[in-house]
Protein chains: 2
Amino acid sequence: MIGADVMVETLVRSNINVCFANPGTSEIHTTVALERSPGMRPVLTLFEAVATGAADGYARMTGSPAAVLLHQGPGLANGLTNIHNATKAKSPIVNIVGGHTRQHRQYDTPLQADIAGIAGTVCPWVREVTDPKKIATDTAEAAAVANGPPGQVATLVVPSDCAWAEAGEPAEPLPARLRSEVSQGLVEAAVKALTCGEPAALFVGGTVLLDQSLAAAGRIAHSTGARLFGAGFFARLQRGAGRLNLERLPYFPEDAEATVANLRQAVMVGCTEPVTFFAYPNSGGLVLPNDCSRTFLAGPDANVAAALAALSEALEATDDMAVLDLPLPEAPTGNLTAEKAAAIIALDLPEGTIVSEEGITAGFECFNKTVGSAPHDWLFITGGGLGQGLTAATGAAIACPDRKVLCLHGDGGAMYTCQALWTQARENLDITTVIFANRSYAILEVELQRLGLNQVSKELDSLVSIDNPTLDFVKLAESMGVEAMRATTAEEFRDQFSNCMNRGGPQLIEVIL
Amino acid sequence: MIGADVMVETLVRSNINVCFANPGTSEIHTTVALERSPGMRPVLTLFEAVATGAADGYARMTGSPAAVLLHQGPGLANGLTNIHNATKAKSPIVNIVGGHTRQHRQYDTPLQADIAGIAGTVCPWVREVTDPKKIATDTAEAAAVANGPPGQVATLVVPSDCAWAEAGEPAEPLPARLRSEVSQGLVEAAVKALTCGEPAALFVGGTVLLDQSLAAAGRIAHSTGARLFGAGFFARLQRGAGRLNLERLPYFPEDAEATVANLRQAVMVGCTEPVTFFAYPNSGGLVLPNDCSRTFLAGPDANVAAALAALSEALEATDDMAVLDLPLPEAPTGNLTAEKAAAIIALDLPEGTIVSEEGITAGFECFNKTVGSAPHDWLFITGGGLGQGLTAATGAAIACPDRKVLCLHGDGGAMYTCQALWTQARENLDITTVIFANRSYAILEVELQRLGLNQVSKELDSLVSIDNPTLDFVKLAESMGVEAMRATTAEEFRDQFSNCMNRGGPQLIEVIL
């Protein structure tokens, strides 16, 4: 077998069955290998960030890696932001980047670039295939490394001559590294922190946010009276009616600090201690008070499920945390606002929906309103690189063909990876995208006000407002084969949204704010 | 003055008056500074690759840098491919990337990334501002370095606290480094190579491709009988009726090698020796015969104009190379093909047009047909990263508001940076975009045929063809405020194209092949 076939079959043996691809000439043998492998489903994207973001969404929903196929340094660069986002989400991905032949790399050709160097800036693991005979073991190792712990992006750089040369046979899967176990001493420290009588909180992140671990965290909080916070921007959270309602820290430093000002004990599980998104003049950084004791029970690499079970047992915490029956919002009417759109989404969200949210300013409304909606999963933008929402939705729909996917997106951010809509149409994915069209980088308007800079220049709009020309998301979606509609009133939006929830296939609603 | 104002005013003093920007929260002070500086024109883009590609196009037409403003590691990553392309084009750009405050970088926040590391993979010069008091001199140095030689992308990483802190006064411009002079010995070697009686060729690249140096190269070729080749993918070539018609090497190795098989002497000016774009099994790499002597008169850093003048003088080459009056193609009729569309473009191309070409398979036709068209400039995709054409056109139009810009683009590549159309509409730029809609990655179909791989899988279409769903470029353009039309016959296209050439403002024609 040639290297390309060996690589693809090794991926398949490692249980990797989907490849999001945007290939070029140096990947042509791998392209053919993807096509002819019965165990592999290739999914074409029109831009590399769609491929990498889709692999992220796929990984968050399955817990397992998809593969990605990119073309040389420029292809990798185009996919790099969503690799950054995936790395922050700790998503497992095997990222294959084709390069020139080993001989050809010495020349200053147009495409020649430091592929491994580019990958190394955001990927925890990068391997360059240096010999076709090693492609089987390199691929198996990439798959094992991707599986973690924690999940990570493993990049394999494949010179084209290693793809086309004879390369032996595929390799069997390698075991993933084991998660580190948490010591009894740390569990005892956590018990002490939570039972010493001081105001305490449990901060949880990573895989803790899924059902069983989340329930254990709830029991611990219930038995000790500790507050229970989700840390930062979650990769995936199971939530909605009948599930725990985690507290989230507010976005801005002063609000976040005020929220935790009285805490004297904080226990972190599956996450680091909370930190603000940005720093500002005179604020930002760590959020917990200086005199709050920190106990780091388990980092993202650790066996957090076992750590929570051990802590729960040591605390004899057997009662589940009460799940409040949170009221759904009233059905709104009249002109649309982000708040009204969020209320409608909350009311009509089908059970089992996967929400991929990059609403930015509108996102907070949607998250808050849907706390009592039918049980669903929520995927956040994890690395701050815009355009993750549309792409993660695409991968989540490939991962879970039986579930509805709802993508909630700001208009500014949606333009970063609008090409995702084409893949959604091509694969006939059951995704409804809601665009919150406020026609500005609204978060920047908020920041300008906070800093008192909004008075400085009457021309400032030219870098913050995106209303000239007006983006037409209906035409944009239709140009890529996605059915689309526009809502300007709450009544219109409710009709359109509930129709979309009851139908399959890709659809888009532009909500005019 | 705060750092942001110091930086912007230093740019202005260094004659940098345009900034292509896609800012975020950490660049908010710089955003305000750009807006309030009377000497600076900020141009907003909806995606970072548009900003970096536009700066490339601007630099190619002015020879001077524009600034770019990007947001953190993800913003830089999104702009990285067009920085790679600009680096290959040797375009001067001052690339400013905002980062977290120096204090905030220690935390694992969503946006935290190795900005300088990412930039360093493709930028020849990267500087991180470590003290607000240094921002003036750092900025002046970035501008000087960008100016070369050769032109290059200088990246300045600006922590947000260095933008908002008191930072003194702007700096005066620093002189750019001088180009290295070519030794008399090298000139004599070149004379010997070109006059020894063996079959010889002059390969020219970089700034040689503009009028005066190009004429000198023509005189040298004329007086010695040497063939005259343009090297590789040019950043900018002045061509058309009354100008020299350079030979170009064919794309595929076997054709390129056959073209130069009889050469025994090659002299390189402003470029390295020719090399194939890709290597293939059994072909690719260096193109010149092994027994061809190479003389490297002047690299891209050298004073190529002086080198050519010295060589011309040493050869007593006073007669200009004859400029053939090359015939224009016949006006075609009937169903459209790339060849017919190219013929129409050649016939109706206005004098002074700037052509930004990323036609890939259709591009060769367009280049060949327009050799006798009215004098014009031709900008190529230089680094192989797709989506450069639309963005370079945008920057060229900002640079040359009195000239018509024509962007010739493949449909696959145009999807990479389609967001450029919005900035074209926003700034009302005089750009006509022609999309060659063959609805496939046609270059890959050619490669599959060459390798005999097109028979391997009947499913192969799923990674090469992009016809399902059909992209509608008319709706896509309209969604971003650009007037658009579709041509299916030669007659339709000629009407539409000639209308576009006679009107101003952004327009797009989708040519159905």
Side-chain angles (χ1 to χ4, degrees), chain A residues 21 23 25-26 28 31-32 35-36 42 44 46-47 73-74 77-78 80-81 84 88 100-101 103-104 107-111 113-114 117-118 121 164 233 272 275 277-279 281 284-285 382-385 415-416 419 425-426 447 453 456-457 459-460 462-463 468-469 472 475-476 478-479 481, chain B residues 21 23 25-26 28 31-32 35-36 42 44 46-47 73-74 77-78 80-81 84 88 100-101 103-104 107-111 113-114 117-118 121 164 233 272 275 277-279 281 284-285 382-385 415-416 419 425-426 447 453 456-457 459-460 462-463 468-469 472 475-476 478-479 481:
Chain A
T25 295
S26 32
I28 201 112
T31 301
V32 173
E35 292 283 7
R36 66 182 162 199
L44 183 63
L46 293 183
F47 187 59
N78 286 337
L80 204 65
T81 288
H84 163 91
K88 298 285 181 175
H100 279 317
T101 65
Q103 158 77 10
H104 207 58
Y107 306 122
D108 181 25
T109 59
L111 279 167
D114 179 8
I118 296 170
T121 60
W164 74 52
F233 289 79
T272 57
V275 60
F277 203 92
F278 289 110
T382 50
M415 288 306 295
Y416 281 64
Q419 305 92 338
R426 184 176 183 83
E447 299 282 11
L453 293 172
V456 173
S457 163
E459 301 293 329
L460 198 60
S462 83
L463 287 175
N468 174 28
D472 182 335
K475 279 191 174 163
L476 185 77
E478 289 174 351
S479 78
Chain B
T25 295
S26 33
I28 201 112
T31 301
V32 173
E35 292 283 6
R36 67 181 162 200
L44 183 62
L46 293 184
F47 187 60
N78 286 336
L80 204 65
T81 287
H84 163 91
K88 297 286 181 175
H100 279 318
T101 64
Q103 159 77 12
H104 207 57
Y107 306 123
D108 181 25
T109 59
L111 279 167
D114 178 8
I118 297 171
T121 60
W164 73 53
F233 289 78
T272 57
V275 61
F277 203 91
F278 289 110
T382 50
M415 288 307 295
Y416 281 64
Q419 305 92 338
R426 185 176 183 83
E447 299 282 11
L453 293 172
V456 173
S457 164
E459 301 292 329
L460 197 62
S462 85
L463 287 175
N468 174 27
D472 181 335
K475 279 191 173 162
L476 185 78
E478 289 173 351
S479 78

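Computed over heavy atoms, backbone and side chain alike; hydrogens, waters and symmetry mates excluded. Every chain is numbered from 1, with letters handed out A, B, ... down the list of sequences.
Using a 4.5 Å heavy-atom cutoff, the side chains of A/Ile118 and B/Ile118 are not in contact.
With sequence neighbours excluded, the residues satisfying side chain to side chain donor-acceptor pair (under 3.5 Å) with B/Ser26 are B/His71, B/Gln72.
The residues B/Lys88 and A/Asp108 are annotated as salt-bridged, a charged nitrogen and a carboxylate oxygen being separated by less than 4.0 angstrom.
Interface check for chain A: of the options B/Gln103, B/Glu478, B/Lys475, the most heavy-atom pairs under 4.5 Å are formed by B/Lys475. Contacts with chain B were tallied for A/Gly481, A/Gly383, A/Ala21; A/Gly383 has the most, counting heavy-atom pairs under 4.5 Å. No other option in A/Leu111, A/Thr121, A/Asp472 has as many heavy-atom pairs under 4.5 Å with chain B as A/Leu111. Most heavy-atom pairs under 4.5 Å with chain B, from the set A/Thr109, A/Thr272, A/Leu46: that is A/Leu46. Of the residues considered (A/Ala425, A/Pro281, A/Ala113), A/Pro281 shows the highest number of contacts with chain B, using heavy-atom pairs under 4.5 Å. Per-residue counts of heavy-atom pairs under 4.5 Å with chain A were compared for B/Phe233, B/Phe47, B/Trp164, B/Tyr107; the largest is that of B/Trp164. Note: A/Asn78 leads A/Leu80, A/Asn78, A/Thr382 in heavy-atom pairs under 4.5 Å with chain B.
Smallest separation of non-hydrogen atoms from B/Leu463 and A/Pro23: O-CG, 4.1 Å. Considering all non-hydrogen atoms of both residues, B/Gln419 and A/Tyr416 come closest at NE2-O, 3.5 Å. Taking every heavy atom of both residues into account, B/His104 and A/Phe277 meet most closely at NE2-O, 3.5 Å. What you find for B/Pro110 and A/Gly384 is that their closest heavy atoms are CB-N, 4.1 Å. Taking every heavy atom of both residues into account, B/Ile28 and A/Glu447 meet most closely at CD1-CB, 3.8 Å. Considering every non-hydrogen atom in both B/Gly385 and A/Pro74, the closest pair reads CA-CB, 3.7 Å.
Proximity to chain A (any heavy atom under 4.5 Å) is restricted, for B/Thr101, to the side chain, taken from C-beta onward.
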